[in-house]
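A quick write-up on the structure given underneath.
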Amino acid sequence: MQAPSLGGVSVPRGNGSTVIRLRHGSSLNDFADKIDANPAALVTVLFHLGEMATATQSLDEDTFGTLATELGYVIEMVSAEEEDRELLGSFDIDLDAELEAEGDEDLAARPPVVTVMGHVDHGKTKLLDAIRSTDVVAGEAGGITQHIGAYQVRTEHEGQERAITFIDTPGHEAFTAMRARGAQVTDIAILVVAADDGVMPQTIEALNHAQAAGVPIVVAVNKVDKEGANPDKIRQQLTEYNLVAEEYGGDTMFVNVSAKQRMGIEDLLEAVLLTADAALDLRANPDKDARGVAIEANLDKGRGAVATVLVQSGTLHVGDAIVAGTAHGRVRAMFDEHGDNVTEAGPARPVQVLGLASVPSAGDTFLVAPDERTARQIAEKREAAERAALLAKRRKRISLEDFTQALQQGKVETLNLVLKGDVSGAVEALEDALLKIDVGDEVDLRVIHRGVGAITQNDVNLATVDNAIIIGFNVKYAERVEDLADREGVDVRFYSVIYQAIDDVEAALKGMLKPEYEEVQLGSAEIREVFRSSKFGNIAGSIVRSGEIRRNTKARVLRRGKVVGDNLTIESLKRFKDDATEVREGFECGIGLGSFNDLQVEDVIETWEMREKPRS
């Protein structure tokens with residue numbers, strides 16, 4: 001039904017309950033297609049509703065809601081998951097139908113996927129060292145694991161050899177985002193608690209992630225060989241968090257271990273397998289196209305994009321066309337955790353994959369597409385949708401009233417950042433941590449670009465245009481880029497430990513805040529006698545009671561505790577007949593307050609100055 005709308009333009013109207021489904025980040029063009037309208041007419045309607053937008057600009061949900069209500073429609077925003085299902089459906093890929101078609105005869109046992117979690121410095125990496133007999137800690141900056149790795153180990157259990165896949169998640173609190181994702185791909189969580197330290201904030205945080213994901217937990221009580229170790233105290237502390245040890249009548253397995261002495265490792269692996277067999281049905285269909293998750297990804301100078309993927313179902317073969325998030329390609333080669341070539345990877349197998357055209361994000365799901373062309377089309381459509389959603393999120397709606405108010409309060413300062421790292425998981429974690437920095441409403445932090453690999457010419461150009469700072473995490477300049485950055489005056493900072501970057505950015509944000517001042521008292525003097533002078537006005541003969549009285553400082557006069565003169569200046573200061581710049585406590589002086597003459601004996605003159613208050 002065509003009906004005149006605001007501003008005299010004609011737009012097809014809904015009946016008030018007509019539902020229009022739009023993906024996040026849609027533009028007025030997309031909306032116009034759905035209701036068979038002219039996009040220019042919608043721009044006009046939106047203008048009359050107090051919003052200015054172009055036909056191709058990504059809009060947020062509120063803006064679409066306002067427009068839809070006016071035109072008699074109901075907007076339903078499609079979630080990223082639904083949108084992705086619809087996108088895959090358009091390429092005849094139906095993940096749900098695949099799962100439903102699988103019968104018991106198709107499923108085979110697979111190894112459990114285990115995440116090691118816990119507080120920083122409680123020995124998670126040392127424990128994995130002991131399990132796979134390698135040494136990762138030595139190569140970590142600050143002794144903190146900053147990348148996610150995945151490894152498969154084999155152990156003897158009840159007379160047969162069993163495999164267990166381990167995912168090593170970073171321990172520092174800045175990695176909450178990555179650690180949460182680790183809990184989503186995992187079957188069992190090993191919670192490492194140091195016997196000499198006890199339950200700490202990140203122990204509880206890791207525990208909450210595992211419990212929220214509904215993952216069974218095995219507790220490894222580490223460092224039992226140390227002096228002051230009290231494993232029983234750990235068992236007692238964790239009962240408060242619904243982890244009751246088997247010896248106390250609960251169903252959580254606690255194992256005493258010493259990663260350093262290689263004690264209790266066999267028992268821990270056995271506990272993992274017993275928990276897996278008792279609590280979980282770990283089966284998957286190996287005879288189909290692979291599906292899984294990208295655990296980590298980075299840009300290698302010689303090999304291009306390298307992704308560590310965990311196959312969750314099906315079998316991945318060399319030569320398969322795959323799409324992982326917005327990255328696509330053909331599997332050129334696969335390597336296991338020892339760097340050996342493998343030709344196929346079954347369920348719960350972590351492998352490094354070469355052949356992707358770009359670097360996927362940590363946590364992106366991957367799937368095998370029918371051919372490389374389809375993989376590329378899926379990746380491109382996902383990238384376009386992601387970019388549109390990001391633009392919609394970045395667009396800040398502001399009315400004229402809000403704008404006037406912002407002007408009155410003083411301009412809102414913005415710190416723009418470009419983040420580059422060696423692996424996508426670390427970049428994501430850094431962004432997550434930086435966006436949590438809170439220094440009030442006066443200063444805004446925006447990450448205008450993030451990526452994996454060396455700092456390139458494009459990064460410097462972007463930083464020049466948007467007046468941004470570039471943060472490089474475990475990366476350096478690409479060739480000839482340093483000269484460009486120097487020439488353009490772009491501030492580039494390099495870090496190898498994540499919390500140093502967070503501290504510096506927080507300090508920079510606080511530096512952008514307008515200074516706050518506080519009044520500081522310098523001294524006080526009591527008036528003993530008032531001398532009257534036709535030339536200089538009244539002079540207060542005084543004795544300095546505290547601090548010091550300095551010439552040209554601000555002053556006020558108090559009479560019986562009440563202010564009788566404020567915002568005055570010490571215009572003249574004399575010791576006997578000589579001019580003085582300052583007079584200290586216990587000495588007498590003559591004080592002249594310019595044209596202020598209302599002085600009486602026993603009045604108190606206080607001097608003060610405004611000092612900048614340090615930001616906490």
Side-chain angles (χ1 to χ4, degrees), residues 23 78-102 106-108 110-111 113 148 150 165 167 181-182 184-187 282-297 304-335 342-387 389 424-425 428:
R23 58 177 171 75
V78 180
S79 71
E81 289 78 13
E82 282 179 277
E83 189 186 331
D84 205 47
R85 281 179 194 282
E86 287 177 14
L87 171 63
L88 293 174
S90 67
F91 289 98
D92 295 327
I93 299 171
D94 191 340
L95 303 180
D96 294 334
E98 262 182 40
L99 290 172
E100 285 164 20
E102 288 178 359
D106 300 320
L107 302 175
R110 66 168 178 82
V113 179
I148 292 180
T165 298
I167 293 178
R181 181 172 288 126
Q184 286 160 10
V185 298
T186 199
D187 301 315
L282 298 179
R283 294 185 302 160
N285 180 2
D287 303 319
K288 63 169 194 176
D289 286 340
R291 305 274 181 270
V293 139
I295 295 168
E296 192 46 278
V306 180
T308 303
V309 302
L310 178 72
V311 180
Q312 291 175 310
S313 67
T315 301
L316 185 63
H317 302 89
V318 171
D320 283 346
I322 63 168
V323 55
T326 57
H328 70 280
R330 187 175 289 282
V331 180
R332 281 206 324 266
M334 290 193 291
F335 302 96
V342 288
T343 54
E344 57 179 43
R349 185 75 196 266
V351 283
Q352 277 198 328
V353 171
L354 304 187
L356 290 169
S358 57
V359 181
S361 295
D364 279 347
T365 54
F366 82 84
L367 55 94
V368 172
D371 53 63
E372 212 169 338
R373 183 166 165 269
T374 307
R376 188 178 66 250
Q377 287 174 335
I378 294 171
E380 283 171 355
K381 291 206 171 180
R382 277 180 174 172
E383 193 173 9
E386 205 175 272
R387 194 164 50 240
S424 58
E428 183 183 318

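Side chains included, hydrogens not; waters and symmetry mates left out as well; all remaining heavy atoms used.
Ser313 places no side-chain N or O within 3.5 Å of a backbone atom of Asn285 that could act as its donor or acceptor partner. Distance alone, capped at 3.5 Å, is enough to place a donor-acceptor pair between the Arg330 side chain and the Gly319 backbone. Checked by atom type and distance alone, the side chain of Thr365 never pairs as donor or acceptor with a backbone atom of Gly292 at under 3.5 Å.
Thr165 approaches Pro111 most closely through the heavy-atom pair OG1-CB, 4.5 Å. Shortest non-hydrogen contact noted between Val359 and Ala305 is CG2-CB, 4.1 Å.
For Thr374, the side-chain hydrogen bond (donor to acceptor under 3.5 Å, both in side chains) partners two or more places apart in sequence, or in a different chain, are Asp371. Not a single salt bridge (charged side-chain N to carboxylate O under 4.0 Å, His left out) links Glu344 to another residue, sequence neighbours left out. When the side chain to side chain contact (heavy atoms under 4.5 Å, CB included) test is applied to Ala324, the partners found at least two apart in sequence or on another chain are Pro360, Phe366. Annotation: side chain to side chain contact (heavy atoms under 4.5 Å, CB included) contacts of Arg332 (sequence neighbours excluded): Leu354. Residues meeting the salt bridge (charged side-chain N to carboxylate O under 4.0 Å, His left out) test with Arg283, sequence neighbours left out: Asp104, Asp281. Partners of Thr326 by side chain to side chain contact (heavy atoms under 4.5 Å, CB included), not counting sequence neighbours, listed by chain and number: Arg382, Glu383, Glu386.
The shortest side-chain heavy-atom distance between Arg291 and Gln312 does not fall under the 4.5 Å cut-off. Thr308 has its side chain out of reach of Val351: every pair of non-hydrogen atoms, C-beta onward, lies at least 4.5 Å apart. Asp287 is not listed as a side-chain neighbour of Thr315, based on a closest heavy-atom distance of 4.5 Å or more. Contact annotation: the side chain of Val342 approaches that of Arg349 to within less than 4.5 Å [non-hydrogen atoms, C-beta and beyond]. At least one side-chain heavy atom of Leu367 sits less than 4.5 Å from a side-chain heavy atom of Leu88. Side-chain contact between Leu316 and Met334 is present, with at least one heavy-atom pair separated by less than 4.5 Å.
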Checking side-chain contact (heavy atoms from CB on, under 4.5 Å) for the pair Leu282/Asp187: CA distance, chi angles, key distance, verdict?
-> CA-CA 8 Å; Leu282 298 179; Asp187 301 315; 3.7 Å; yes
Derivation of the side-chain contact (heavy atoms from CB on, under 4.5 Å) call for Val309 and Ile295 | CA-CA 5 Å; Val309 302; Ile295 295 168; over 6 Å; no
Residue pair Ile322, Leu356: steps toward the side-chain contact (heavy atoms from CB on, under 4.5 Å) verdict | CA-CA 8 Å; Ile322 63 168; Leu356 290 169; 3.9 Å; yes
Derivation of the side-chain contact (heavy atoms from CB on, under 4.5 Å) call for Val113 and Leu310 | CA-CA 9 Å; Val113 179; Leu310 178 72; 3.9 Å; yes
